[in-house]
Amino acid sequence: MKKSVVSKEYQKLQKDIIALQANWKESINPESIIPKLDKAAMSAGVPAAALTSINFEISLFLQWIEEINALLIKNNPEHETKLAGVLNLLNEETVIRWIDEAFSFNSVYFTDFAKENGLEEWIPQFLAETALRPYLQLTAEKIQHEISHAVPGAGCPVCGEPARLAVLEDEGKKVMTCPRCLAHWNAKRVECAHCGNDDHKTIQNLTIEGDASSQIQVCEKCTGYIKVLDTRQYLSKPSAAMLDLNTIHLDFVAQEQGYQAVGEPKQTN
């Protein structure tokens with residue numbers, strides 16, 4: 001695999017965050033997550049987590065925010081002044097709002113929150129998303145046995161994250177995997193995850209010079225793309241989140257060539 005364009009320092013930070021999230025997940029009461037799967041709704045593309053009853057423990061969420069702040073400051077002391085006072089902004093009502101808006105990818109809300117409270121734009125959504133993921137990952141674990149495929153264009157069938165990463169397993173079987181909640185599901189080798197197009201004439205695999213284990217599958221019908229990684233030769237397989245981060249160069253290549261992380265049908269006159 002091609003050397004990652006992501007710095008070793010940032011890779012280490014992300015590994016530390018993933019380790020924190022794994023510990024956090026262990027501290028969640030499994031009984032606080034009650035799946036209520038509605039096959040009809042899921043067939044229409046509603047994420048399973050949106051149909052699941054999740055009892056968030058506010059004190060735990062606040063503790064995690066404090067721990068992620070400490071990790072960010074340890075990694076870069078300059079963050080200390082940027083993160084000062086964040087916890088003072090969070091009461092139960094605000095935490096619930098953060099959870100709701102993070103779940104629904106509402107970046108506008110977080111941008112406004114940052115402006116209103118004198119924070120750098122990235123901080124609120126990053127903290128909320130980081131603390132939300134253990135709940136999403138435990139939800140995915142509980143319902144993984146019910147997840148076999150996804151509705152094209154609906155993203156991850158568990159959390160709704162836009163589809164962007166697939167790995168090749170056993171004899172080249174293509175398995176989509178979610179860097180956010182770690183759910184996985186089977187997919188056709190020739191199929192667009194965004195629009196469902198399965199015409200081999202309008203789906204191509206772009207290869208990267210010097211990177212034999214990676215491809216970018218692009219769809220000429222909706223201009224969407226996903227990254228496809230052959231992990232069968234890996235000595236140890238990184239988490240989906242690290243695979244996604246370490247292949248960000250593929251995103252740059254795809255987007256430079258006019259493809260989009262979320263495909264949209266081409267406009268015709």
Side-chain angles (χ1 to χ4, degrees), residues 1-2 4-5 39-48 105 140 143-234 237-268:
M1 183 172 140
K2 182 178 177 178
S4 174
V5 298
K39 302 259 186 203
M42 291 174 66
S43 296
V46 178
F105 310 101
I143 60 180
Q144 180 63 62
H145 64 285
E146 297 283 351
I147 305 299
S148 59
H149 66 284
V151 177
C156 171
V158 173
C159 74
E161 175 86 347
R164 63 175 178 272
L165 183 67
V167 296
L168 298 182
E169 299 181 347
D170 312 321
E171 300 178 355
K173 183 173 74 171
K174 179 180 167 188
V175 178
M176 297 294 301
T177 183
C178 178
R180 189 187 194 204
C181 73
L182 309 183
H184 50 86
W185 60 96
N186 297 328
K188 298 177 185 175
R189 279 295 293 267
V190 180
E191 179 184 53
C192 176
H194 305 292
C195 71
N197 175 28
D198 59 2
D199 180 1
H200 66 90
K201 294 179 182 178
T202 50
I203 290 183
Q204 301 179 50
N205 289 315
L206 307 181
T207 56
I208 308 300
E209 186 176 352
D211 190 357
S213 64
S214 305
Q215 294 181 331
I216 308 168
Q217 188 173 79
V218 300
C219 175
E220 300 300 337
K221 190 173 180 181
C222 74
T223 68
Y225 76 90
I226 62 167
K227 301 180 288 189
V228 182
L229 311 179
D230 189 343
T231 58
R232 290 172 291 179
Q233 305 302 316
Y234 285 29
K237 185 175 174 181
S239 70
M242 289 306 298
L243 283 173
D244 186 42
L245 176 68
N246 287 332
T247 56
I248 199 169
H249 60 284
L250 301 180
D251 296 282
F252 296 154
V253 171
Q255 291 167 25
E256 283 171 359
Q257 296 194 32
Y259 298 100
Q260 307 172 82
V262 179
E264 296 177 356
K266 288 184 177 179
Q267 297 298 317
T268 56

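Note: hydrogens, waters and symmetry copies are ignored here, and every other heavy atom, side chains too, is used.
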What distance do [X] atom [atom1] and [Y] atom [atom2] have between them, rounded to the nearest 0.5 Å?
| X | Y | atom1 | atom2 | value |
| --- | --- | --- | --- | --- |
| H184 | L165 | NE2 | CG | 12.5 Å |
| D199 | C219 | CG | SG | 9.0 Å |
| Q144 | L182 | CD | CG | 9.5 Å |
| S213 | D230 | OG | CG | 7.0 Å |

S239 side chain to M242 backbone, donor-acceptor under 3.5 Å: yes
Considering all heavy atoms, the nearest [X]-[Y] contact:
| X | Y | result |
| --- | --- | --- |
| H194 | C222 | CB-SG, 3.9 Å |
| R232 | E169 | CD-C, 3.9 Å |
| A48 | I143 | CB-CD1, 3.3 Å |
| I203 | C192 | CD1-N, 3.5 Å |
| F105 | P162 | CZ-CD, 4.3 Å |
| C178 | A240 | O-CB, 3.8 Å |

- prompt: Are side-chain N/O atoms of Q204 and Y225 paired as donor and acceptor at under 3.5 Å?
  reply: no
Do the non-hydrogen side-chain atoms of [X] and [Y] ever get within less than 4.5 Å of each other?
| X | Y | value |
| --- | --- | --- |
| L243 | Y234 | yes |
| I226 | M176 | yes |
| Q257 | L206 | yes |
| L168 | R189 | yes |

message: Between E146 and K39 (salt bridge meaning N to carboxylate O under 4.0 Å), is one present in this structure?
response: yes
query: Looking at D198 and K188, does any basic side-chain N land under 4.0 Å from a carboxylate oxygen?
result: yes
- request: Mind jotting down which residue pairs meet the salt bridge (Lys or Arg N to Asp or Glu O under 4.0 Å) criterion with at least one end in residues 240-257? Sequence neighbours excluded, please.
  value: R164-D244, K227-D244, K227-D251
